[in-house]
> 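Before anything else, here's the structure in question.
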Amino acid sequence: MYRNKGCGEINEGDIGKEVALCGWVYRYRDHGGLIFTDLRDRTGIAQIVYSLEISEKVHALAHSLRAEFVIAIKGNVCRRPEGTENLDVKTGIVEVYASELKILNTSEPLPFMLENDAIVSDTLRFKYRYLDLRRPFMMNNLLLRHQTTKTIRDYLDALGFLEIETPMLTKSTPEGARDYLVPSRLNPGSFYALPQSPQLFKQILMCAGVDKYFQIVKCFRDEDLRADRQPEFTQVDMEMSFVGVDDVITVVEGILKTVYEGVLNVKVETPFERLTYKDAMERFGTDKPDMRFGLELKDMADIVAQSSFKVFLDVLKNGGRVKAICGKDMAALSRKDMDNLTEHAQSLGAKGLAWIKVKDGFESPIKKFFTDELLRQMAERLGAVQGDTMLFVADKEAVVHDVLGRLRLDIAKTNGIIGADDRFLWVVDFPLFEWNAADDRFEAMHHPFTSPTDEGIDLIQANKALADKDIATLTSKAYDIVLNGYEIGGGSIRIHQTTLQKKMLELLGISETDAEEKFGFLLDALKYGAPPHGGVALGLDRLVMLMAGSETIRDVIAFPKTQKASCLLSNAPSQVQDSQLKELHIKLR
RNA sequence: GGGGUGGUAGUUCAGUUUGGUUAGAACGCCGGCCUGUCACGCCGGAGGUCGCGGGUUCGAGCCCCGUCCACCCCGCCA
């Protein structure tokens, strides 16, 4: 027997007992006649004492211990002498007097220190991930992720969901992200694609009568990486039959509430707040607003229309928008600061950034175009008080929202006004289509199987040719779940009738042959009694990242990839032998 | 594809503005001392392809050109 307790599990109840512990030497403090080591395993840290009075032999051996040696000890648990307790450590009331010590393995000096707060470059962390993961906060992230998936599995199981696996070697889909391709040896010139999501298969499971499906599953998208995006990531994928939007939302709210309360012990109020896509864009300039602070975008058109500022007036005349946000405490910024901020806004696509400081009256290069009354009205609408700066963007609506939405985030971060509590939000009523100017056609905003709202269905099935502007106003039964400004999930009610699905594909400009080729198997399945169904997928990595209070999903993925999508631990991707390529009928260019 | 930040000892960084003797610090590492430490302490020591390649120069960590890697962002991510 190596051990009968975890290092972090010994406590006052063990005093007087002999325990056997195993683990890594986290730190050693050699006082000559008395040696202490902090012994670490997954459960925590225990202080081991090696004393000449217990065993000269053990004491001598302990002298040779170094960081990250793997050892097994036996010894008596004792209360620490009064005044030497360490209340920062869970086991800090007690210590173990080693009567036996076995060195199970030695360790070379480490490439970096394992302290929680040690700053280590990502390059080293990824190359020596097994060392990085030994750090308590990383081990905690693994634990947190496990507890989260376990809680979700249990919760969905209790609701009658079946966990079903879908293929990893599947078919390339025409829309969406770039696919990872896998060559088929048995079918020269043909390729599988790794799934971007199990979308079609889960809908087909509904056609099979599975009723409630879920899967915690890897998905793959060959796109550029970000702090919150990896090429392979994990979805909690779900699909349900005979449900509407509210049914799906209720399940997700139940999951998140249970996870937060069960894993983090944080109380969560349901139902979550909901915003329509339109309101989210109007008020926050984004479809994934961070609700932990205000600084909302305000429409200024009616006020600035009364001014003589030609820039604003021209924008309004051309159908553009003039909106503003309140830059808290930004009146103290210098002219140069404001120039930098303007440059920043321009880099985001704005033509410029107009500002009016509230500072013993108003101060601005454009002040002369506004009467005092108009300035007062604008400050009032924005809630701008002494010390604040009003920031204006005038442009096409999309630019105004994008620029102000980002500035809003920047300002909140700089001023530290982001609330401490996590804020869940549903964004609903997404547009059904999105205009793709580059390809000169409409695209599905969510995906081509998303159901329009009921009014939309009526319109589409009225069998009249729809004008582009009508198509653009159609909304869908799609929903996103947003947490602290991150999209942590999304889904929709699907189309379950062949006729409507065909209409949709038509509107998307996907030919019948193409549709048949790409996802004919779904269209077929809809013919044979497909039930109404809908679902959702949660981004597990992002959810756990936010639960862990981390800034990047790499911290909650055991073996993440770099920004160039390589694995520094295994050195993937790598070249392969010519013979392998030959078997796969592939010739490199 | 584009913009930005960084790369100097095992690690984290300073040194680059203004080119000039032997490239520093802290932590870690090695040796010694130490019986109540917990980031133990004290004494001593070792440790460098300044990412890589080229150029300018009497002389390059520092200037110029190229390139690689990591990170952040834009595009992209239904």
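Please read all numbers here as calculations on a predicted model, not as lab measurements. Letters go in sequence order (proteins before strands), and every chain restarts at 1. Reckoned from all heavy atoms, side chains included, excluding hydrogens, waters and symmetry mates.
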> In whole Å, what is the span from the OH atom of A/Tyr128 to the C1' atom of B/A70?
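Rounded to whole Å, this separation is 15 Å.
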
> Could you verify whether a donor N or O on one side chain and an acceptor N or O on the other, from A/Lys323 and A/His401, lie under 3.5 Å apart?
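There is such a pair between these side chains.
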
> Please give, in whole Å, the distance from B/C77 P to A/Asp222 CG?
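Going from A/Asp222 (CG) to B/C77 (P), I get 12 Å.
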
> Taking the C1' atom of each, how far is B/G28 from B/G45, in whole Å?
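My reading of the C1' atoms in B/G28 and B/G45 gives 14 Å.
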
> Side chains of A/Gln230 and A/Asp541: any donor to acceptor distance under 3.5 Å?
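Side-chain D/A pair, A/Asp541 to A/Gln230: absent.
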
> With rounding to whole Å, what would you report as the distance between B/A14 and B/G31 at their P atoms?
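My reading of the P atoms in B/A14 and B/G31 gives 32 Å.
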
> Within the 4.0 Å heavy-atom criterion, would you say A/Ser476 contacts the bases, only the backbone, or no part of the nucleic acid?
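The residue A/Ser476 makes no contact with any strand.
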
> Please give the distance between the C1' atoms of B/U16 and B/G20 as a whole number of Å.
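To the nearest whole Å, 14 Å.
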
> Examine the side chains of A/Asp237 and A/Tyr213 and answer whether a donor and an acceptor come within less than 3.5 Å of each other.
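On atom types as modelled, these side chains qualify, holding a pair under 3.5 Å.
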
> I want to confirm an ordering. Mapping A/Leu110 and A/Glu223 to their closest nucleotides on RNA chain B, which one lands closer to the 5' end?
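It is A/Leu110 whose nearest nucleotide is closer to the 5' end.
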
> How long is the line joining CG of A/Asn571 and P of B/A70, in whole Å?
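One finds 10 Å between P of B/A70 and CG of A/Asn571, rounded.
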
> How close or far is atom P of B/G3 from atom CD of A/Gln346, stated in whole angstroms?
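Taking atom P of B/G3 as the reference, CD of A/Gln346 is at 18 Å.
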
> Taking C-beta and beyond as the side chain, do A/Ile325 and A/Leu407 meet within less than 4.5 Å on heavy atoms?
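Counting from C-beta outward, A/Ile325 and A/Leu407 do come under 4.5 Å.
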
> Counting only Watson-Crick or G-U wobble pairs whose two distances fall under 3.5 Å, which nucleotide matches B/U5?
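Paired with B/U5, as far as the under-3.5 Å criterion goes, is B/A70.
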
> Quick one about A/Arg66 and A/Ser64 (side-chain donor to acceptor, distance below 3.5 Å, no hydrogens or angles considered), yes or no?
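No, A/Arg66 and A/Ser64 have no side-chain donor paired with an acceptor closer than 3.5 Å.
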
> A quick test of your reading: do over 12 heavy atoms of other residues, nucleotides or ligands sit less than 6.0 Å from CD of A/Glu551?
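Result for CD/A/Glu551: open.
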
> Once you round it to whole Å, what is the distance between P of B/C77 and CG of A/Asp179?
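Going from A/Asp179 (CG) to B/C77 (P), I get 12 Å.
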
> Test the A/Arg408-A/Phe293 pair against the cation-pi criterion, namely NZ or CZ under 6.0 angstrom from the six-membered ring centroid and within 45° of the ring axis.
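Yes.
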
> Roughly how many Å apart are B/U37 and B/U22, using the P atom of each and rounding to a whole number?
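It comes out at 47 Å once rounded to the nearest Å.
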
> Using the rule side chain to side chain contact (heavy atoms under 4.5 Å, CB included), only one of A/Asp41, A/Leu114, A/Thr37 pairs with A/Tyr26; which is it?
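Going through the options one by one, the only one that passes is A/Leu114.
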
> Rounded off to whole Å, could you give me the CG-to-C1' distance for the A/Asp410 and B/G4 pair?
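The answer, rounded to whole Å, is 14 Å.
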
> Quantified in whole Å, what is the P atom distance between nucleotide B/U12 and nucleotide B/C71?
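14 Å, rounded to whole Å.
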
> Without decimals, in angstroms, what is the distance between A/Arg125 CZ and B/U11 P?
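Checked: the CZ to P distance equals 15 Å.
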
> Is there a donor-acceptor contact under 3.5 Å linking the side chains of A/Gln497 and A/Gln501?
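Side chains of A/Gln497 and A/Gln501: no pair found under 3.5 Å.
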
> Under 4.0 Å, heavy atoms only, any strand: does A/Ser197 hit a base, just the sugar-phosphate, or nothing?
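Base contact - A/Ser197 has a heavy atom under 4.0 Å of at least one base atom.
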
> Can you tell me, in whole Å, how much space there is between the C1' of B/C58 and that of B/C72?
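My reading of the C1' atoms in B/C58 and B/C72 gives 43 Å.
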
> B/A70, OP1 or OP2 - any side-chain N/O from A/Ser566 closer than 4.0 Å?
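A/Ser566 to B/A70 OP1/OP2: side-chain N or O found under 4.0 Å.
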
> If we take the C1' atom in both B/C73 and B/G55, what is their distance in whole Å?
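Comparing C1' positions in B/C73 and B/G55 gives a spacing of 33 Å.
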
> Strictly below 4.0 Å: does A/Ser121 bring a side-chain N or O up to OP1 or OP2 of B/U12?
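So the side chain of A/Ser121 is within the cut-off, an N or O lying under 4.0 Å from OP1 or OP2 of B/U12.
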
> Could you verify whether a donor N or O on one side chain and an acceptor N or O on the other, from A/Thr475 and A/Asp429, lie under 3.5 Å apart?
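Judged by distance alone, the side chains do not pair up.
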
> Which protein N or O atoms sit under 3.5 Å from an N or O of nucleotides 71-74 of chain B?
{"residue": "B/C71", "atom": "OP1", "partner": "A/Gln563", "partner atom": "N", "Å": "3.1"}
{"residue": "B/C71", "atom": "OP2", "partner": "A/Gln563", "partner atom": "N", "Å": "2.6"}
{"residue": "B/C72", "atom": "OP1", "partner": "A/Arg554", "partner atom": "NH1", "Å": "2.9"}
{"residue": "B/C72", "atom": "OP2", "partner": "A/Arg554", "partner atom": "NH2", "Å": "2.9"}
{"residue": "B/C73", "atom": "OP2", "partner": "A/Ala227", "partner atom": "N", "Å": "3.3"}
{"residue": "B/C74", "atom": "OP1", "partner": "A/Arg406", "partner atom": "NH1", "Å": "2.9"}
{"residue": "B/C74", "atom": "OP2", "partner": "A/Arg226", "partner atom": "NE", "Å": "2.9"}

> I need a per-nucleotide contact map over nucleotides 29-41 of chain B, read 5' to 3'. Cutoff is protein heavy atoms under 4.0 Å; write B for the base, S for backbone only, - otherwise.
SSS--BBBBBSB-

> Under 4.0 Å, heavy atoms only, any strand: does A/Leu124 hit a base, just the sugar-phosphate, or nothing?
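Answer is sugar-phosphate: A/Leu124 comes under 4.0 Å of backbone atoms only.
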
> Provide the distance between the two P atoms, one in B/C43 and one in B/A26, to the nearest whole Å.
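To the nearest whole Å, 12 Å.
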
> In whole angstrom, give the distance that lies between atom CZ of A/Arg542 and atom C1' of B/C77.
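Between C1' of B/C77 and CZ of A/Arg542: 9 Å.
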
> Any chance the side chains of A/Thr91 and A/Gln47 put a donor and an acceptor closer than 3.5 Å?
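On atom types as modelled, these side chains do not qualify, holding no pair under 3.5 Å.
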
